[in-house]
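FYI, the numbering just counts along the sequence from 1. As the structure is a computational prediction, the values presented were derived from the model and not from experiment.
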Amino acid sequence: MRVLIVEDERVLADTIADGLREEAMAVDVVYDGDDALERASYNEYDVVVLDRDLPTVHGDEVCRELARRRGPARILMLTAAGDVEDRVDGLSLGADDYLPKPFVFGELVARVRALSRRSGAPVPPVLERRGIRLDPHRRRVARDGRELRLTNKEFAVLEELLRAEGGVVSAERLLERAWDENIDPFSNIVRVTMATLRRKLGEPAVIETVTGSGYRLEAR
């Protein structure tokens, strides 16, 4: 899952980003509306966490423009104003959800995950295939009832493979969905992560390398 944080309070923005990365999400951060619209024009996001009171381009305008583009990203609007009228205004601009400040971080995570399930094809809250059961909300994964301890990136890669339902996922796609924009596109990090993930999943092997295309979870 890939998230864009748009928040001009830098400490808050970076704190949210660090917390979401601990939840195995790929996160990019910008601090004003101009940068938000630019990033959203060339990166594909599942969720945009958007502060309403932004410099340069106001959060309302960013929200309106993102909604006009009709991209897959869902918008979670943040604001210090929390009365009903403000919420109605935010939703009428095209936001999908609204969270007043201050907020409990766990609620933010839950709302981001709920919105991400609506950003593309419907995805069940718990992903299962070949005896693998992955629960993004509880950050738990097991195979044949055996609990697995995965790193954040291993968890994110496995989640993307499960979401593909047996389809091939390219290394480029995995870089895009599990890492942020600061990753070196020529890095071998996907291959290294795949090797450790395969080892932790154990036998029989379930991740297939499709030469020249990417990776997939075998059907059986």
Participant: Please check: side-chain N/O of E9 versus main-chain N/O of V11, any donor-acceptor pairing under 3.5 Å?
Facilitator: no
Participant: Which heavy atom in I207 sits nearest to a heavy atom in M194, and how many Å separate them?
Facilitator: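 Closest approach of I207 to M194: CG2-SD, 3.7 Å.
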Participant: Can you sort out the partners of D8 under side chain to side chain donor-acceptor pair (under 3.5 Å), two or more places apart, ordered by chain and number?
Facilitator: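 Scan of D8 (side chain to side chain donor-acceptor pair (under 3.5 Å), adjacent residues dropped) gives none.
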Participant: Is it true that D97 and R111 make a salt bridge, defined as a side-chain N closer than 4.0 Å to a carboxylate O?
Facilitator: yes
Participant: Can you tell me how far the CD atom of E23 sits from the CZ atom of R113, to the nearest 0.5 Å?
Facilitator: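 Nearest 0.5 Å value for the CD-CZ distance: 5.5 Å.
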Participant: Which heavy atom in G33 sits nearest to a heavy atom in T56, and how many Å separate them?
Facilitator: N-OG1, 3.7 Å
Participant: Once rounded to the nearest 0.5 Å, what's the spacing between atom NZ of K101 and atom CZ of R52?
Facilitator: 12.0 Å
Participant: Would you mind listing the cluster partners of V210? Hydrophobic ones only (ILVMFWY), side-chain contacts under 4.5 Å, chaining allowed.
Facilitator: V168
Participant: Evaluate the salt bridge (Lys or Arg N to Asp or Glu O under 4.0 Å) criterion for residues E165 and R129: first the C-alpha distance (whole Å), next the side-chain angles of each, then the deciding distance (0.1 Å), finally the verdict.
Facilitator: CA-CA 8 Å; E165 297 183 321; R129 190 178 182 87; over 6 Å; no
Participant: Out of R173, R69, R2, R39, which residue meets the salt bridge (Lys or Arg N to Asp or Glu O under 4.0 Å) rule with E44?
Facilitator: R173
Participant: Give me the atom names and distance for the closest heavy-atom approach of L115 to R74.
Facilitator: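 Scanning both residues completely, I find the closest heavy atoms to be O-CG, 3.4 Å.
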Participant: Could you tell me whether a side-chain N or O of E203 sits under 3.5 Å from a main-chain N or O of A205, the two making a donor and an acceptor?
Facilitator: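 Pair found, side chain donor or acceptor close to backbone of A205.
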Participant: With no hydrogens and no angle check, is any side-chain donor or acceptor of N188 less than 3.5 Å from a backbone partner on R191?
Facilitator: no
Participant: If the test is side chain to side chain contact (heavy atoms under 4.5 Å, CB included), which one of R146, R143, E154 qualifies with L201?
Facilitator: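 The option that passes is R143.
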Participant: To the nearest 0.5 Å, what is the distance between CD1 on I5 and CG on L108?
Facilitator: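 Rounded to the nearest 0.5 Å, the CD1-CG separation comes out at 7.0 Å.
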Participant: Has T193 got a side-chain atom pairing as donor or acceptor with V190's backbone, closer than 3.5 angstrom?
Facilitator: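 No, the answer is negative, given that no donor and acceptor are paired below the 3.5 Å cut-off.
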Participant: Which heavy atom of S116 sits nearest a heavy atom of M1, and at what distance?
Facilitator: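 Closest approach of S116 to M1: OG-CE, 3.3 Å.
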Participant: Counting distance only, does the side-chain N/O of K153 pair as donor-acceptor with the main-chain N or O of A178 below 3.5 Å?
Facilitator: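 At least one qualifying donor-acceptor pair exists.
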Participant: I'd like to know if the side chain of R198 pairs up with that of T209 as donor and acceptor (distance under 3.5 Å, no hydrogens or angles considered).
Facilitator: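 A pair is found: one side chain offers a donor N or O, the other an acceptor, under 3.5 Å apart.
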Participant: With distance as the sole test, does D96 use its side chain to make a donor-acceptor pair with the main-chain N or O of I75 at under 3.5 Å?
Facilitator: yes
Participant: Does the side chain of Y31 pick up a donor-acceptor pair with the side chain of D51 at under 3.5 Å?
Facilitator: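 Side-chain D/A pair, Y31 to D51: absent.
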